[in-house]
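Taking it in order: structure first as structure tokens, then the write-up.
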Amino acid sequence: MQQMRGAAAGAWVGLRSAWLCLVSLALLGCRPSAASSCEDPVTCERACSSRAPDACFAAGRMYAVGLGCSRQPERALSMFEQACNAGHPGGCTYLGASYELGVGVGVDRARAQRHYESACNSGDGRACVGLGALLESEHPALAKELIQRGTKQLTQSCRANPGPDCGALGLIYVQGVGVAVDAEQGLRLYVTACTAGDAESCGTAAELLRGEDPAGSANLYGQACEGGYLYACVQQGVDLLLATGPGADPEAGVARLQMACEAGEPRACATLGTAYVSGIGVAVDERAAVDLYEQGCRAGDGYACGSLGLLYSLGTGVPLDLERAGELFASACEAHDAIACGNLGWMHLRGIGRYQDKDGGVALLADACESGDGRSCYRYGLYAAEQGEEATAPRWWRRGCELGSPDACTALSVSFIDGELSAGDQRVAVDLARYGCQEGSAAGCTLAGQIFALGWNIDEDRSTAEAYFRYACELGDVDGCEVLATWLGDSDESSQLWARGRELRERACKANDNESCVILGAYYVRGLGVEKDTVRALELYGQACDGGWIVACTHQAQILMTGTGVEPDYAGAVALFERACAAQDELACTWMGLAYHRGRGVEASGDQAVARYKHGCELGYAFGCIGMGKLHEQGFGVGKSQRAAKKFFAKACELGADSYCR
């Protein structure tokens, strides 16, 4: 659920990037002209003909940006083609923008240029600006002349007839296209267009005012929404949901989103789904969230598909289905949803739910990070760290932290702690851990708890440490649950924490996290939050062993060799120990030494016992050294020698076997 809450936060952030994409398109697009008498897209489409190009254009504009209907790029393109073919400059301008940006059609710069030229020659200032921007890198002098011409035409038309052209001119100043950036002038022009009745300009003005004048922004969003601009209704709904203080009105926010969703805006359905997942403004209802995400996904909204994929990957509101999750992430990624691309990349990198493709996964994570998904930056940093790129990983985590990923901030804190730190860096490390926790990183809470428990660059405080561990557990960090359970010893709360840890490990194991399967096996062996069940532990170790987690093979072999709770299987145990020892598992090598020493599952062999014990000792396992000492005491496979035995026992002492420190 914490992962879903993190995705919920991504929804509100993702909304902003989608909004800005539409705003950019508005520079090259055109609004319904005053000459068109139709007021809704269906009526305009019915009126569209060679003798009514204004109606064709009006219908296209409404379908393009979602004025009174859902956004339908392909349908809009058809309307604009008819308008352009009938001689409507605005239709040609929008066709140019569509081909340049790949909206509703494949990118085709040559076609974009032809349509812009036609509209510019017909006096459409926006087309001249669009053509200039398209040619800027190849023909800078010509581009400058075209942008100046287009800006002059828009300025004249804005003065003569305030309205949509003022909005297009406003974007030129906001983005600094051929002029010095002047956000204040851009805002004034948007407000002028809004006052003249252009709903989209109202929405853009609201966006520009968000930080400095929330009340004014809310009023403008309301005007845009009332004017039929459904995306403004979505943004207004989000603001009402997330506002604090007097401006908060969750019920009104839900109502806005519901209205826009019913009117056909897929992002409204997806955002409302996120509200149901996170319990913001409504009671948590996972089934309702699934239905809303499905509705938005069917309508082509990438965020809705990606969010639905996350539900399937977690088994939240739907049965766990990693294959389906991967398909949904792929669809959302194709729709340019960075979060979904990152999730798909992680599945490929880890081989989750589909065939492993490390190179493809790494590329997707890098692209998603560059597109602004902080969690993908965090994950890429993890991959870099696993590859031994200690200097590279923190750079990705820093980028992720800057983008708002609390897990990236936590990882960056750990990199500070593990590195050579100045006093200033140590303070930053503590602050990053606490910040990561405050922003929802469960691992950050565990790290903060450890910092307070150890008194690392901060006053030791057991009660604060416990609070952090408890919060980490509530957020779903199994390490936090397990650390606190161990700390509290035998108590009712400890039992509850072990039960919570088992629940989290079960979920992770089902998702093919082999390490969690191994740890879960230990839960059943030791009876932590569950009845002891060696058979179940054996199954879990076998699953992880088959998944390539070598230590699991060793644990599986130990149970089979000792017959703890099951019938002994010496041959099966030896085969598993051999496999694990060949993979340099020191415990497995030592157990093989014991098997050859005692003739269990194999014929007793001094030479083999020496070889295996010695290997375990060389790999740093104290009991391998103890085994070598015993062999020298007994003269089994080696000459009897108390001096040699003491040497190996001393080595075992160095490795932590305190009882051999004499």
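Scope of the values below: all heavy atoms of this structure, side chains included, with no hydrogens, waters or symmetry mates.
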Residues Gly342 and Arg379: closest non-hydrogen pair is O-NH1, 3.9 Å

Judged by atom type as modelled, is there a donor-acceptor pair below 3.5 Å linking the side chain of Glu265 to the main-chain atoms of Arg267?
yes

So do Tyr293 and Leu311 actually touch side chain to side chain, heavy atoms under 4.5 Å?
yes

If you draw a 6.0 Å radius around CZ in Arg398, do more than 12 non-hydrogen atoms from other residues or ligands fall strictly inside?
no

In a check of side-chain contact (heavy atoms from CB on, under 4.5 Å) between Leu344 and each of Leu328, Leu364, Ile339, which one passes?
Leu364

Ignoring hydrogens and angles, tell me if any N or O in the side chain of Thr192 forms a donor-acceptor pair with the backbone of Arg188 under 3.5 Å.
yes

Check the pair Tyr303 / Thr274 against side-chain hydrogen bond (donor to acceptor under 3.5 Å, both in side chains), numbers first and verdict last.
CA-CA 10 Å; Tyr303 173 72; Thr274 298; 2.7 Å; yes

Would Leu171 and Tyr190 count as a side chain to side chain contact (heavy atoms under 4.5 Å, CB included) if you check the C-alpha gap in whole Å, the side-chain angles of each, and the deciding distance to 0.1 Å?
CA-CA 8 Å; Leu171 187 58; Tyr190 276 124; 3.0 Å; yes

Roughly how far apart are Asp182 CG and Ile172 CD1, rounded to 0.5 Å?
13.0 Å

Nearest heavy-atom approach of Leu189 to Cys166 is CB-O, 3.4 Å

Would Arg75 and Tyr63 count as having a side-chain donor-acceptor pair, cut-off 3.5 Å?
yes

Atom pair CD1 (Ile280) and OG1 (Thr271), whose distance is rounded to the nearest 0.5 Å:
11.0 Å

Apply the test side-chain hydrogen bond (donor to acceptor under 3.5 Å, both in side chains) to residues Gln72 and Ser70: give CA-CA distance (whole Å), side-chain angles for both, the deciding distance (0.1 Å), then the verdict.
CA-CA 6 Å; Gln72 301 174 53; Ser70 62; 3.3 Å; yes

Would you call Asp124 and Arg126 a salt bridge, taking side-chain N to carboxylate O under 4.0 Å as the test?
yes

Atom of Ala268, atom of Cys261 and distance for their closest heavy-atom approach:
CB-N, 3.5 Å

Any heavy-atom pair between the side chains of Trp397 and Tyr380 that's under 4.5 Å?
no

Looking at Leu403 and Gly374, what are the two nearest heavy atoms and their distance?
CB-CA, 3.8 Å

Do the side-chain N and O atoms of Tyr231 and Glu200 include a donor-acceptor pair separated by under 3.5 angstrom?
no

Could you tell me if the side chain of Phe57 sits less than 4.5 Å from the side chain of Phe80, heavy atoms only?
yes

For Cys194 and Leu220, run side chain to side chain contact (heavy atoms under 4.5 Å, CB included): C-alpha distance rounded to whole Å, both residues' side-chain angles, the deciding distance at 0.1 Å, then the answer.
CA-CA 8 Å; Cys194 174; Leu220 287 164; 3.8 Å; yes

Measuring only between side-chain heavy atoms, which start at C-beta, is Tyr435 closer than 4.5 Å to Pro406?
no

With side-chain contact (heavy atoms from CB on, under 4.5 Å) as the test, pick out the partner of Pro164 among Leu169, Asp198, Leu154.
Asp198

Evaluate the side-chain proximity of Tyr276 to Val284: yes if any heavy-atom separation is below 4.5 Å, no if none is.
no

Give a yes or no on whether a salt bridge exists between Arg210 and Asp239, defined as a side-chain N under 4.0 angstrom from a carboxylate O.
yes

Per the side chain to side chain donor-acceptor pair (under 3.5 Å) rule, which among Arg109, Arg111, His115 passes with Tyr99?
Arg111

Between CG on residue Leu310 and SG on residue Cys305, distance to nearest 0.5 Å
13.0 Å

So how far is it from Ser313 OG to Asn343 CG, rounded to the nearest 0.5 Å?
7.0 Å

Could you walk me through whether Tyr312 and Leu322 satisfy the side chain to side chain contact (heavy atoms under 4.5 Å, CB included) test, starting with their C-alpha distance in whole Å, then the side-chain angles of each, then the deciding distance to 0.1 Å, before giving a yes or no?
CA-CA 6 Å; Tyr312 274 103; Leu322 296 174; over 6 Å; no

Answer with yes or no whether the side chains of Glu45 and Thr43 bring together a donor and an acceptor at under 3.5 Å.
no

Heavy-atom closest pair, residues Ala83 and Pro53
CB-O, 3.8 Å

Output, in order, the C-alpha distance, side-chain angles, deciding distance and verdict of side chain to side chain contact (heavy atoms under 4.5 Å, CB included) for Gln295 and Asp291.
CA-CA 6 Å; Gln295 184 176 342; Asp291 292 341; over 6 Å; no

Could you state the interatomic distance from CG (Leu308) to CD (Glu327), rounded to the nearest 0.5 Å?
11.0 Å

Does a salt bridge link Arg256 with Glu226, judged by any charged N lying under 4.0 Å from a carboxylate O?
yes

Is the Cys56 SG less than 2.5 Å from the Cys44 SG?
no

Check whether any side-chain heavy atom of Tyr221 lies under 4.5 Å from a side-chain heavy atom of Ser217, and answer yes or no.
yes

Contact check, side chains of Leu272 and Gln258, non-hydrogen atoms, under 4.5 Å:
yes

Polar side-chain atom of Asp373 near backbone of Cys369 as donor-acceptor pair, under 3.5 Å:
no

From the list Arg507, Arg505, Glu506, side-chain contact (heavy atoms from CB on, under 4.5 Å) partner of Glu503 resolves to Arg507

For a quick test of reading the model, state the closest non-hydrogen atom pair linking Ala260 to Val234 and the distance between them.
CB-CG2, 4.3 Å

With heavy-atom distances below 4.5 Å as the criterion, would you say the side chains of Val181 and Tyr173 are in contact?
no

Atom CD of Glu184 and atom CG of Leu208: how far apart are they, to the nearest 0.5 Å?
11.5 Å

